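What follows is a single structure, written as structure tokens, with notes after it.
This structure is a prediction, so every number in the text was calculated from the model and none was measured.
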Amino acid sequence: MNAEYRKEQRRVDHVLEEINGEIEKLKEETSRRKQEVIHTRKHFWDEVKVNTDSFDDYLETIIGLRQEALALSSSQSSHRHASKRLATLERMKRIPYFGRIDFTEDGNESKEKVYIGVSSLTDESGEHFLIYDWRAPISSVYYDDQPGPAAYETPGGVIKGELNGKWQYLIREGVLESLFDTSLTIGDEILQQVLGRGKDQKMHSIVATIQQDQNRIIRHDQGKLLIVHGAAGSGKTSAALQRIAYLLYKYRDRIDADQIVLFSPNSLFSRYVSNVLPELGEENMQQVTFQEYLDHRLGDSFAVEDAYNQLEFVLGGQGEPFYAERLSAIRSKASVAFIQSVLAYRRTLDTDGMTFKDIIFRGEPVVTAGEIRDRFYQTALDLKFSNRLEALQEWILKKLKEVMRRERRKPWVQDAMEMLSEHAYHNARTHLALKKGYEREAVGDYEVEPDQLARLIVQQKMKPVRNVVREFGFIDFVAIYKGLFDALDQTHWKGIGALTAKAIDDGYLYHEDATPFLFLKELILGFQINSSVRHLVIDEAQDYSPFQFEFLKRMFPAARMTVLGDFNQAIFSHASGQADFRTLTGLYGEGETDTISLKRSYRSTKPIIEFTRTLIPDGEDIIPFDRSGETPSLDRVSDLAGLHLAVRSKIEHYREAGHESIAIICKTAKESAEAFSALSQFGDVTLLTKGTLEHDKGVVIVPAYLSKGIEFDAVIIYDASEDCYGTEDVRRLFYTACTRAMHELQVYTMGEPSPFMKKAMIEGLIMTGDSVG
């Protein structure tokens, strides 16, 4: 070890001493804070004198309660912050820092050595930084600049100076293993080591290897919408998660993790990325899938089809009745033109077309749909549409009061009174007595009058009807949505409307109808907005329709949006009808949208990327990271038995090579289930489905569309034949499946191989072996 290494190791040792010292102090503090919280909770009421004899006594009681609640809240907050810092320091013990810049600020003669890690650390005096947080303003120089003139922005203005050098450290468990001069690029050597390691089942922080384009994403701070288009494996999702950490750091006095929402493609992906923010010492943001939101809003009324069931139908339902009509419906309902049609249709409802339901009480209509319609179109025409509906709601509730008054005199009420059990009568008397101001002890002295009891019985019977009215259940949203297709001029909408109506009448809402249906309902009632959410991150955004983006914009009006996607992985492109994100540029006003492209791919070895980029148009734009590896292999098999023997042999080969995560990727869920049934007899294999939340290391079988966003040490493409991947509409699905491989890729085909591999086969970018099995 040379003198420079020894000097740097001594600094590592010193920093670890400081970290351990702070850890010991925090352990004592967290223990003390925890005891404070326990004590305050236990003796909360002992400290408060409850007295309500007079207004002054009551006020004193309220003030006492408030003071105790504030003390408890302060203790809990202090304990939470101390525990959070303690967890961060425990992580820093393993890797205290990963980078350094030598920077001379203009006007200073001496250069400052700035060490960069996942969190800041000062010496015992608190005056000198031993480590700067990677999100600190000066740290941007490490990611963005080359030696020479450099600058960074601070809240107080731009700081200019000279970047004298840039270094990267590899520290493990307190030992300095490597030290690199990275003056031109950040960390190719360390990035090689990181990417060359085996894959576990969680995504991790990339702060030590953030590239310049990724740093632009992380620190981007202009406008309402940031669109990130990146190749498979370019680090889109990783950069977005570091971006969330950066926002929580920069705006820590204005935003917290609960005010950031990540829309994930599926639950498996949500668990996959759940590790990143805690690694950086931050709480996880909220995570949800768009389907979960649809189910939450519509699941009580319909069986709502999800995107994956829709895709299964598109990929494997060619023999189903009305297949062509359904495909046409999927494309049409996802178009920008359809959203304009829905907006126009809603405007026509101002003067005609609203459909209502009878208000039924005891099996009879007490307010008819016709009466409601006449009232709506004859009164309050000067109000906003949603306010007109609120006025209509109040009118119906008044009508129900009249109904209740009439019903009290009817024989069924007298019968109900006579049929009351002793227990029910006691409850009714208690309710009426308390309402009259009786003390609970004196309830037995209260004499129930027959009129009061009759009124109570009718009120209870009418309560479910009134609740329906309060929830606008008198509006026939299904009939209104069906009417949309009658209002459209083109002939093909009539067939689509009939197909839609049949499914809805059966209680089933197609995936392509779910968002338009909810969108129209919100346009009618007024959007249920969430103003507390400040930032949305939408991953796999190429699979969202214009409806979904417009819906999210309206639902979260105060939120900025980061949108991540790859057009080449648009496996729902037949549904979205979008070739790119051009429709998004008009989502917000001029100057509010910025786009960043990531063309370099880091996930896979160079031979795998050189193969996969031949599978798609314009694939030559994708730049492979220079990491060596085995050339992908293509082997033909004669039948399923031969395929399963070949796959089994390849799995054993990959295990012997040390690969811990191996994926067998099939086209559909149906094919995955069949493969699992055949291969599970050979050993420990896990089948991943849309309901899978997480999986352990080992061999998994997964449909191609569920593998999006996830990566594996080695990938086996189950059947890449022309019969399976031979048409243009599945080209991107095939590309997506192949780009999941980090280190090795094996492709099998029963029969002629997919035409998308023809170019790679001619150029020798995939090794073609003899038939096997």
Original post:
Rounded to the nearest 0.5 Å, what separation is found between the CD1 atom of I19 and the CD atom of E24?
Top reply: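 With rounding to 0.5 Å, CD1 (I19) is 13.0 Å from CD (E24).
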Subject >> I538 CD1 to F549 CZ distance, which is reported to the nearest 0.5 Å >> reply: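 Reported to 0.5 Å precision, the distance equals 5.0 Å.
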Parallel, tilted or perpendicular: rings of [Y] and [X] (30°, 60°):
X	Y	result
Y544	F290	perpendicular
Y115	Y169	tilted
H743	H659	parallel

Is a side-chain donor-acceptor pair under 3.5 Å present for [Y] with [X]?
X	Y	answer
Y246	N215	no
Q212	Q214	no
T595	H229	no
S264	D539	no
N284	S274	no
T739	R603	no
S119	R85	yes

Between [X] and [Y] (salt bridge meaning N to carboxylate O under 4.0 Å), is one present in this structure?
X	Y	value
D221	R560	yes
D102	R100	yes
R655	E652	yes
R740	E711	no

**OP:** Would you kindly check if the NZ (Lys) or CZ (Arg) of R732 is within the cone defined by 45 degrees around the ring axis of F567 and under 6.0 Å from the six-membered ring centre?
**Re:**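 Ring-cation test returns no.
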Original post:
V563 versus L226: any side-chain heavy-atom pair under 4.5 Å?
Top reply: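 Sidechains of L226 and V563: no contact.
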Original post:
Does anything in residues 116-130 pair up under salt bridge (charged side-chain N to carboxylate O under 4.0 Å, His left out), and if so which pairs, sequence neighbours excluded?
Top reply: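 Sorted result for residues 116-130: K25-E124.
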